[in-house]
Amino acid sequence: MADLIVPSRKTADEQGNVLTITPESAGWTYVGFEVYRLSQGQRLKKETGDQEVCLVLLSGKANVATSELKLDNIGQRMSVFEQIPPYSVYVPNGDFFEVTATTELELAVCAAPGYGSHPARLIAPDQVGVETRGYGNIERHIHNILPEQSPADSLLVVEVFTPNGHWSSYPPHKHDQDNLPNESYLEETYYHKINPAEGFAVQRVYTLDGELDETMIVKNGDAVLVPKGFHPVSAPPGYDVYYLNVMAGPVRTWRFYNDPAHEWLMTNAKK
């Protein structure tokens, strides 16, 4: 198994946690990511500390509270593959969140440095930007949960649906240089779900100098670390692929650089 793959555990711990990525475990500076699977009635309470957090209800419903918010029975989709925008909650640093599952719940906790600039808020489905990118078999569907146009200190959060037989994060692009306005430095995690669950996705992470070049078979519930380099994803025939992206870096903006060998695909898209 490549070092870039972080698999979910089959059995949750006492808190319901099945996957944890910290800056320390990933060997980087900004992005933290966790997944919890809570049974109905189970409660999770955590302090945010010096991190801002975006809670994404991947599937199921819950009551969510912070020091400023009390949200009852939010959530609507029972599977990410219903392909409707999720309910999410932004929580600033120096706060807490308490989540009580009112159905079985899969919850993503996306974290990055916070500076106390924004209050806690609900991000309802009608506040999520929906778009389609690409064409032909590089067409995919996007839910912009926490884009750079929405208030936050560090976090960028987006989910992508790649139909079977299609590619996404394609043409291959990267964002590993602090070279604005041309390219921004952003660490990134991919949390994958596959439908049907016994399937797989293929993800390559590579640099032009060959220092990093990993092609990975990614299973349902796996997370992939993208510390640098280009990082395309392929959904094999018969298997739809979902992933949740979390990005953060020194400047909260997404400016990417395409692999020059495949730049012509962007020109073709405009025809």
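These figures come from a predicted structure and were not determined experimentally.
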Checklist line | E68 atom CD, neighbour heavy-atom count above 12 within 6.0 Å | finding: no

Notebook entry, point to check: Taking all non-hydrogen atoms of both residues, which atom of F230 and which atom of N258 are closest, and how far apart?
Noted result: CE2-C, 3.7 Å

Note to self: Can a donor-acceptor pair be found, under 3.5 Å and without considering hydrogens, that links the side chain of T207 to the backbone of L212?
What the structure shows: yes

Checklist line | T102 side chain vs K61 backbone, donor-acceptor pair below 3.5 Å | finding: yes

Next item on the list: Look at K193 together with D240 and state whether they make a salt bridge at an N to O cut-off of under 4.0 Å.
Entry: no

Margin query: side chain to side chain contact (heavy atoms under 4.5 Å, CB included) for E139 and H166? Distances and angles first, verdict last.
Written below: CA-CA 7 Å; E139 182 178 287; H166 286 221; 4.1 Å; yes

Margin query: Is a donor from one side chain sitting under 3.5 angstrom from an acceptor on the other, for Y257 and N179?
Written below: no

Note to self: Please report the interatomic distance CG(L225) to CD1(I21), rounded to the nearest 0.5 Å.
What the structure shows: 5.0 Å

Next item on the list: Would you please name every residue forming a side chain to side chain contact (heavy atoms under 4.5 Å, CB included) with E148, sequence neighbours left out?
Entry: L156, R252, T253, W254, R255

Note to self: Less than 4.5 Å apart, side chain to side chain, heavy atoms only: is that true for L105 and Y36?
What the structure shows: no

Item checked: Between Y90 and E52, a side-chain donor and acceptor under 3.5 Å -> yes

Check: Is the H231-H175 ring centre distance short of 6.0 angstrom?
Finding: yes

Checklist line | Ring centers of Y242, F161 separated by less than 6.0 Å | finding: yes

Next item on the list: Taking the side chain as every heavy atom from C-beta outward, state whether H118 and P92 have any pair of such atoms under 4.5 Å apart.
Entry: no

Check: Is there a donor-acceptor contact under 3.5 Å linking the side chains of D95 and T48?
Finding: no

Margin query: Are E198 and Y239 packed together at the side-chain level, in the sense that at least one heavy-atom pair is separated by less than 4.5 angstrom?
Written below: yes

